[in-house]
Every structure is written in structure tokens, then in C-alpha cells.
2 protein chains.
Amino acid sequence: MKSPEYNSTAITLAAFAKALAHPARVSILQLLLKKKSCICGNIVDELPLSQSTVSQHLKELKEAGLIKGEIDGVSVCYCINEKVWNQAAALLQGFFSTSTQQNSCC
Amino acid sequence: MKSPEYNSTAITLAAFAKALAHPARVSILQLLLKKKSCICGNIVDELPLSQSTVSQHLKELKEAGLIKGEIDGVSVCYCINEKVWNQAAALLQGFFSTSTQQNSCC
DNA sequence: CTTATTAATCGTAAAACTACGATTAATATA
DNA sequence: TATATTAATCGTAGTTTTACGATTAATAAG
């Protein structure tokens with residue numbers, strides 16, 4: 001390198017990791033994974049954060065592609081976006097399953 | 001919730017994700033995974049960043065526990081910390097393998 | 001139609017992250 | 001011993017993240 005770029009795996013993986021890099025966002029995903037019905041404003045009640053802050057975290061997860069939302073009357077229903085979710089899973093699984101070699105030092 | 005905390009899985013997972021949340025740090029890990037000999041100052045040459053910035057990223061990875069360094073004369077040799085690496089792998093694998101349910105909306 | 005509820009967005013402050021050059025400490029070499 | 005090399009740390013900008021309350025837009029209920 002010393003050229004100004006990173007490989008696409010590194011970029012994509014870092015972007016997914018960034019989406020997971022806050023306990024609130026991980027908690028939101030845990031909720032969506034657990035509940036059989038997609039929760040909505042209930043997410044706010046389940047987190048120790050204000051409505052506007054939760055909304056921001058939801059936006060980040062949405063922009064990362066990991067969740068999607070659907071308007072249902074006055075409320076909004078969020079779900080895991082399975083397609084992107086599986087892409088992220090595969091990418092991370094591939095990364096972590098790289099055989100760590102027996103190295104000379106450490 | 002609405003009490004001031006997150007579950008420990010969310011906290012731990014977010015911390016690992018944060019360590020992976022920058023392409024430079026992912027690139028460093030890719031290098032350490034690929035090379036059979038632990039690279040050292042070579043990491044700096046492989047990244048489009050200054051020595052001090054790379055050092056900072058190495059520090060973050062070290063603090064997350066994902067890598068460890070060993071002084072070898074005038075240079076330092078970095079490796080994946082396999083124990084913590086495997087913990088992170090297991091945590092992420094468990095998280096992503098949570099069965100995504102057939103949900104009502106979205 | 002008016003009022004209430006829900007959730008996104010705006011504005012903003014504080015904290016954290018990212019990057020760099022300069023400096024420092026340690027070891028190696030001449 | 002003097003000089004070079006390596007890598008951590010310091011100081012410091014600029015940017016991004018995180019959080020909140022206030023406001024807004026949309027729908028539902030009275």
C-alpha cells in the first residue's frame with residue numbers, strides 16, 4: 001500500500017463492524033432477533049436512551065442495511081434485513097475463520 | 001431497560017466491533033493473518049498512514065485484546081492473540097447465527 | 001375538526017476518533 | 001561513544017459520534 005486505499009473486504013467489514021460498535025445498536029439487533037413480532041416504538045422503552053437517540057441508532061443500522069422499517073399506521077415496524085444480515089455474517093465468519101498461523105514470535 | 005445499562009454480550013460484542021470499525025485496523029489484522037512471520041514496522045509500509053497513526057491503531061487492537069506485541073531488538077513483532085481472537089469469533093458467530101424469525105412485517 | 005400519539009429530523013453541546021508531525025526512549029551499528 | 005533506526009507517546013487540529021430536547025409531519029382517536 002502507501003497508496004491511499006484499502007481493499008474492499010476491509011472497507012465493507014469495517015462498515016458492518018461500525019454499525020455494531022455501540023451497545024445500543026447491538027441491543028436493538030438482539031431485540032429484533034428475539035421478538036417474533038417486529039417491535040417498533042417498543043425499542044425506545046427497552047433502551048436507556050431518549051426517543052431521538054434511539055431513532056438515530058435505528059437510522060445508522062438502516063443505513064448499514066442491517067435492518068429495515070415499515071410504516072404501520074402511526075408507528076413503524078423494524079426487522080432484520082435478512083439478506084444483508086447474511087452477507088455480514090458470511091463476511092465476518094470468513095474473516096474470523098482465517099486460520100491463524102503458528103507464528104514465530106508472541 | 002430504561003435502567004442505565006446494556007447486557008454484557010452487547011457490551012463485549014460492541015467493543016470487539018469497535019476494534020474492527022476502521023479499514024486500517026481490519027487491514028492490519030488481515031496482514032497478521034496472512035503473513036506467517038509476524039510483521040512489525042512493515043505494517044506501516046503496507047498502510048496508507050503515517051507511523052504514528054498506525055501505532056495508534058495497533059494500540060487500539062492491543063487494548064481490545066485482539067493482538068499482542070513482542071519487542072525484538074529495536075523492532076516490535078505483532079501477532080493475533082489467538083485466545084481473544086477465538087472469543088470474538090465465537091461471540092460474533094453466536095450473534096449472527098441467531099435464527100432470524102419469520103416476522104410479521106417488513 | 002381538534003387533539004393525541006408516534007417517530008423522524010433539527011440544532012447543538014460534549015466526547016471520542018482519526019490523523020499528523022515532533023519528540024522521546026530504546027536498541028543497534030559504526 | 002556517537003549516530004541511526006524503530007516504535008511509542010505527546011500535542012494538536014479537524015471530523016465524527018453520541019446524546020438530548022424541541023420541533024415537525026403523519027396518522028389515529030375523540
Side-chain angles (χ1 to χ4, degrees), chain A residues 1-6 10-11 14-29 31-32 37-64 66-79 105-106, chain B residues 1-6 10-11 14-29 31-32 37-64 66-79 105-106:
Chain A
M1 290 198 197
K2 226 41 164 188
S3 54
E5 273 310 329
Y6 302 101
I11 293 169
F16 281 132
K18 199 171 192 175
L20 301 176
H22 194 290
R25 291 193 291 273
V26 175
S27 298
I28 290 170
L29 293 169
L31 284 170
L32 294 179
S37 75
C38 295
I39 15 181
C40 332
N42 305 29
I43 297 169
V44 175
D45 301 325
E46 298 284 339
L47 294 179
L49 297 170
S50 74
Q51 181 267 319
S52 61
T53 304
V54 171
S55 199
Q56 265 181 200
H57 284 302
L58 287 167
K59 189 181 181 182
E60 280 185 69
L61 288 170
K62 220 186 317 175
E63 281 170 357
L66 292 172
I67 66 171
K68 51 187 172 176
E70 202 165 73
I71 298 172
D72 174 26
V74 80
S75 56
V76 177
C77 186
Y78 282 102
C79 308
C105 70
C106 313
Chain B
M1 290 195 195
K2 226 41 162 186
S3 54
E5 272 313 329
Y6 301 102
I11 293 170
F16 282 132
K18 199 172 193 175
L20 301 176
H22 194 290
R25 291 193 292 273
V26 174
S27 298
I28 290 171
L29 293 170
L31 284 170
L32 294 180
S37 75
C38 296
I39 16 181
C40 330
N42 305 29
I43 298 169
V44 174
D45 301 325
E46 297 284 339
L47 295 179
L49 297 169
S50 73
Q51 180 266 319
S52 62
T53 303
V54 172
S55 199
Q56 267 182 199
H57 284 303
L58 288 167
K59 189 180 182 184
E60 279 186 68
L61 288 171
K62 222 186 315 175
E63 282 170 356
L66 291 171
I67 66 171
K68 51 187 172 175
E70 202 166 73
I71 298 172
D72 175 26
V74 81
S75 57
V76 176
C77 186
Y78 282 100
C79 308
C105 71
C106 311

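Convention: sequence-line order gives letters A, B, ...; per-chain numbering from 1.
- Comparing D:dT18, C:dA7, D:dA8 by their closest approach to the side chain of B:Lys62 singles out D:dA8.
- For A:His57, no side-chain nitrogen or oxygen approaches OP1 or OP2 of D:dT17 to under 4.0 Å.
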Using atom names, set out every protein N or O paired with an N or O of nucleotides 14-16 of chain D below 3.5 Å, distance rounded to 0.1 Å.
none

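- When distances run from any side-chain atom of B:Ser55 to the nucleotides D:dT18, D:dA8, C:dA19, the shortest one goes to D:dA8.
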Please list, for nucleotides 20-22 of chain C, all pairs of protein and nucleotide N/O atoms separated by less than 3.5 Å.
from, atom 1, to, atom 2, distance (Å)
C:dC20, OP2, B:Ser50, N, 2.9
C:dC20, OP2, B:Ser50, OG, 3.3
C:dC20, OP2, B:Thr53, OG1, 3.1
C:dC20, N4, B:Gln56, OE1, 3.3
C:dG21, N7, B:Ser52, OG, 3.2
C:dG21, O6, B:Ser52, OG, 3.2

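- When all heavy atoms of A:Tyr78 and A:Ile67 are compared, the closest pair comes out as CD2-CD1, 3.7 Å.
- Tested against A:Ser27, the residues A:Leu47, A:Leu32, A:Ile43 include a single side-chain contact (heavy atoms from CB on, under 4.5 Å) partner, A:Leu47.
- Put simply, SG on B:Cys38 and CG on B:Leu31 are 12.0 Å apart, with the number rounded to the nearest 0.5 Å.
- Here B:Asp45 contributes atom CG and B:Gln51 contributes atom CD; the two are 10.5 Å apart, rounded to the nearest 0.5 Å.
- Remark: A:Ile71 CD1 is loosely packed, at most 12 non-hydrogen atoms of other residues, nucleotides or ligands lying under 6.0 Å away.
- For B:His22, the side-chain hydrogen bond (donor to acceptor under 3.5 Å, both in side chains) criterion is met by no residue, not counting sequence neighbours.
- Of the candidates C:dA8, C:dA19, D:dA19, C:dA19 carries the atom nearest the B:His22 side chain, counting heavy atoms from C-beta on.
- Between the C1' atom of C:dT18 and the CD1 atom of B:Ile28 lies a distance of 13 Å, rounded to the nearest Å.
- In this structure, NZ on B:Lys59 lies 7.5 Å from CD on B:Gln56, to the nearest 0.5 angstrom.
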Give each protein N/O atom lying under 3.5 Å from an N/O atom of nucleotides 25-27 of chain C, with the pair distance.
none

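- Scanning all heavy atoms of the two residues, the minimum distance from A:Ala64 to A:Phe16 falls at O-CE2, 3.6 Å.
- Sorted pairs that involve residues 15-24 of chain B and meet salt bridge (Lys or Arg N to Asp or Glu O under 4.0 Å), not counting sequence neighbours, are lacking altogether.
- Atom pair B:Lys59:NZ and C:dT18:C1' shows a separation of 14 Å (rounding to whole Å applied).
- Among C:dA19, C:dT6, C:dT18, the nucleotide with an atom closest to any side-chain atom of A:Ser75 is C:dT6.
- Residue B:Leu61 holds its CG atom at 5.5 Å from CD1 of B:Ile28, rounded to the nearest 0.5 Å.
- Comparing the helix axis at one end of the helix from C:dC1-D:dG30 to C:dA30-D:dT1 with that at the other, each defined from 5 consecutive pairs, gives an inter-axis angle of 10° (nearest 10°).
- The shortest distance between side-chain heavy atoms of B:Leu20 and B:Leu66 falls below 4.5 Å.
- B:His57 places a side-chain heavy atom less than 4.5 Å from the side chain of B:Leu49.
- As a whole-Å value, the separation of A:Asn42 CG from C:dT5 P is 16 Å.
- Taken as a pair, A:Cys77 and A:Cys40 fail the criterion of an SG-SG distance shorter than 2.5 angstrom.
- Atom CG in A:Leu20 sits about 16 Å away from atom C1' in D:dT17, given to the nearest Å.
- Between B:Tyr78 and D:dA8 there is a side-chain N or O to OP1 or OP2 distance below 4.0 Å.
- For the pair B:Leu47 CG and C:dA19 C1', the interatomic distance rounds to 13 Å; values are reported in whole Å.
- With rounding to the nearest 0.5 Å, the separation of CD in B:Glu70 from OG in B:Ser75 is 11.0 Å.
- Between A:Tyr6 atom OH and C:dA19 atom P the separation is 5 Å, expressed in whole Å.
- Note: CD (A:Glu70) to P (D:dA26) measures 18 Å, nearest angstrom.
- Note: CG (B:Leu58) to P (D:dA8) measures 6 Å, nearest angstrom.
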